[in-house]
Asker: 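Please see the structure below; I have some questions.
Below, chain A is the first sequence line, B the second, and so on; all start at residue 1. Quantities reported herein were computed from a predicted structural model and do not represent experimental measurements.
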Amino acid sequence: KAGVTQTPRYLIKTRGQQVTLSCSPISGHRSVSWYQQTPGQGLQFLFEYFSETQRNKGNFPGRFSGRQFSNSRSEMNVSTLELGDSALYLCASSLDAGRGADTQYFGPGTRLTVL
Amino acid sequence: AQSVTQPDIHITVSEGASLELRCNYSYGATPYLFWYVQSPGQGLQLLLKYFSGDTLVQGIKGFEAEFKRSQSSFNLRKPSVHWSDAAEYFCAVGAIQGAQKLVFGQGTRLTINP
């Protein structure tokens with residue numbers, strides 16, 4: 001079974017631009033979570049989508065948004081980019097059989113650099 | 001609120017030596033606990049997880065971890081490390097209900113001396 005895929009793997013943007021990152025979960029997985037990883041803040045939860053609905057959101061400004069499609073693929077968008085948005089953005093998928101926390105499988109990440 | 005502490009930012013061990021990485025968590029109920037490993041520039045790979053039952057769990061690559069409720073700990077161990085184990089290791093806690101959200105520790109970077 002194919003793993004979680006993320007595209008693109010690398011992105012370079014300038015301040016003020018916007019960016020869209022894509023995540024394809026493992027086949028059959030219904031939940032997609034997004035995390036931001038930086039050297040200073042570590043791994044931080046952005047948001048989670050399940051059945052096309054945002055189910056939980058971390059403590060990030062409204063410039064960070066996401067969505068999920070009917071095939072469980074997910075995108076996240078960052079508008080009005082700031083230098084501090086430079087990070088590795090990780091997507092994780094889980095089956096979520098309704099039993100609480102489930103094992104999350106991570107993609108390779110998208111490295112975003114904001115100049 | 002959930003939180004995870006990994007007290008050791010960086011650990012260096014010699015190849016063949018034993019390893020223990022510490023993890024302490026804060027959570028109001030029995031947590032779901034995970035250890036992930038990350039090689040440079042890569043995503044996270046699951047090493048092992050604890051949901052319930054036997055408090056000593058076995059994972060991939062020869063790793064094991066022991067859940068100790070009384071100490072709120074979930075330490076990762078390996079009896080003999082290999083040079084390929086050099087990476088960053090993250091402990092994480094997940095909620096038993098609701099959304100799929102992990103709270104991670106700050107990570108422990110492992111260096112292996114030849």
Asker: Which distance, rounded to the nearest 0.5 Å, do you find between the CG of L76(B) and the CD of E66(B)?
Answerer: 12.0 Å
Asker: I'd like to verify something: which residue of Y49(A), Y35(A), F50(A), Y105(A) has the highest number of heavy-atom pairs under 4.5 Å with chain B?
Answerer: Y35(A)
Asker: Examine whether an atom of L44(B) lies under 4.5 Å from a heavy atom of chain A, and if so say whether it belongs to the side chain, the backbone or both; otherwise answer neither.
Answerer: both
Asker: Do K49(B) and F51(B) form a cation-pi contact, if we require the NZ or CZ to be under 6.0 Å from the six-membered ring centre and within 45 degrees of the ring's axis?
Answerer: yes
Asker: Which atoms of L90(A) are under 4.5 Å from chain B, going by heavy atoms: the side chain, the backbone, both sets, or neither?
Answerer: side chain
Asker: Does any heavy atom of chain B fall under 4.5 Å from the side chain of Q37(A), the backbone, both, or neither of them?
Answerer: side chain
Asker: Is the closest basic N to carboxylate O distance between R22(B) and D8(B) below 4.0 Å?
Answerer: yes
Asker: Please classify the contact of Q38(B) with chain A as side chain, backbone, both or neither, using a heavy-atom distance under 4.5 Å.
Answerer: side chain
Asker: Considering only residues two or more places apart or on different chains, which pairs with a residue in residues 78-95 of chain A satisfy salt bridge (Lys or Arg N to Asp or Glu O under 4.0 Å)?
Answerer: R63(A)-E82(A), R63(A)-D85(A)
Asker: Are E88(B) and R109(B) within salt-bridge range, i.e. N to O under 4.0 Å?
Answerer: no
